[in-house]
2 protein chains.
Amino acid sequence: MNADALRGHMDALLLSVVEHEPLHGYAIIEALRERSGGALDVPTGTVYPALRRLERAGLLAGEWASDGGRRRRTYRLTDAGRKALAGERSAWRSFTTAIGRVLDPLR
Amino acid sequence: MNADALRGHMDALLLSVVEHEPLHGYAIIEALRERSGGALDVPTGTVYPALRRLERAGLLAGEWASDGGRRRRTYRLTDAGRKALAGERSAWRSFTTAIGRVLDPLR
DNA sequence: TGCCTACATGTAGACAGCCTACATATAGAA
DNA sequence: TTCTATATGTAGGCTGTCTACATGTAGGCA
């Protein structure tokens, strides 16, 4: 998976993966890998800053928790995040339609 | 159309649009707009440098021509470009499948 | 005890490519 | 003459993803 291809789609992925259950960063990375069938293996240096960015933007709400001695920051979708996710899904459909038409004009 | 979303997919678009007929930059921009149903309106500051980049990479071959007093640089797909385009199409399918699975896990 | 792996978060700096804004020039219509 | 469409190109900015590094806990195993 080319890194540049992810540009501009990371937000949608992150919001989507915490849609139904709050998750912490490490679990988000695993969820992305599993749900994509192994195609997405996003490095920590991408995910953690992106989560903070989405939190600053008010789309995610983060909270510290601890499991034994391990600290975790768990993120849940805010109402604004839920709206943003709907917009991202819509944008994704428009995007794939537009690119698809250029790459496969016969279909 | 968000600018970042195009990242890493521009090459596929440009190669695809000159697949069956050589075109010059300005015509490529129009072709992208038409074939995408108006969704793609790529600025000249994106296209011209990208075409030069693809030419340097050996995927496109450019040639100057003139229509009256107007100079045009017409690009055609090279053999390497044709192979690259096949790879880009394959990568696009993998990409959309992976992202799609994350965004719509039920389907 | 020491070592390794998995779990867990984070930062600094590099890199690449798309963008805005600007510059230049011809052709043709109003 | 002025405006729009045609046509190409550069300079510099922006930003998000990446690599590489730093830190620490938990638990298994020899």
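Chain identifiers are assigned alphabetically (A, B, ...) following the order of the sequence lines, protein sequences preceding nucleic acid strands; residue numbering begins at 1 within each chain. These numbers come from a predicted model, not from an experiment.
In this structure, the side chains of B:S36 and B:M1 stay at 4.5 Å or more apart for every pair of heavy atoms. Annotation: side chain of A:L32 is in contact with side chain of A:L14 (closest heavy-atom distance under 4.5 Å). Contact annotation: the side chain of B:M10 approaches that of B:V42 to within less than 4.5 Å [non-hydrogen atoms, C-beta and beyond]. No side-chain heavy atom of A:L23 sits less than 4.5 Å from a side-chain heavy atom of A:T74.
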Under-3.5 Å N/O pairs linking protein and nucleotides 14-17 of chain C:
residue, atom, partner, partner atom, Å
C:dA16, N3, B:R7, NH2, 3.4
C:dG17, O4', B:R7, NH1, 3.2
C:dG17, N2, B:R7, NH2, 3.0
C:dG17, N3, B:R7, NH2, 2.5

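If you walk DNA chain D from 5' to 3' and mark each nucleotide with an atom closer than 4.0 Å to a heavy atom of chain B, the marks span D:dA5 to D:dG16.
Proximity of residues 57-71 of chain A to DNA chain D (heavy atom under 4.0 angstrom from any strand atom) is restricted to A:G68, A:G69, A:R70. Applying a 4.0 Å cut-off to non-hydrogen atoms, none of the residues of residues 14-33 of chain A approaches DNA chain D.
Note: A:H9 and B:F95 have perpendicular aromatic rings, judged against thresholds of 30 and 60 degrees for the angle between ring planes.
Looking at residues two or more places apart in sequence or on another chain, you find a salt bridge (charged side-chain N to carboxylate O under 4.0 Å, His left out) between B:D67 and B:R72. Scanning for side-chain hydrogen bond (donor to acceptor under 3.5 Å, both in side chains) contacts around A:D41 gives A:R33, with sequence neighbours left out.
Using a cutoff of 4.0 Å between basic side-chain nitrogens and carboxylate oxygens, B:E19 and B:R89 are scored as salt-bridged. Between A:E55 and A:R73 there is a salt bridge, since at least one side-chain N of the basic residue sits less than 4.0 Å from a carboxylate O of the acidic one.
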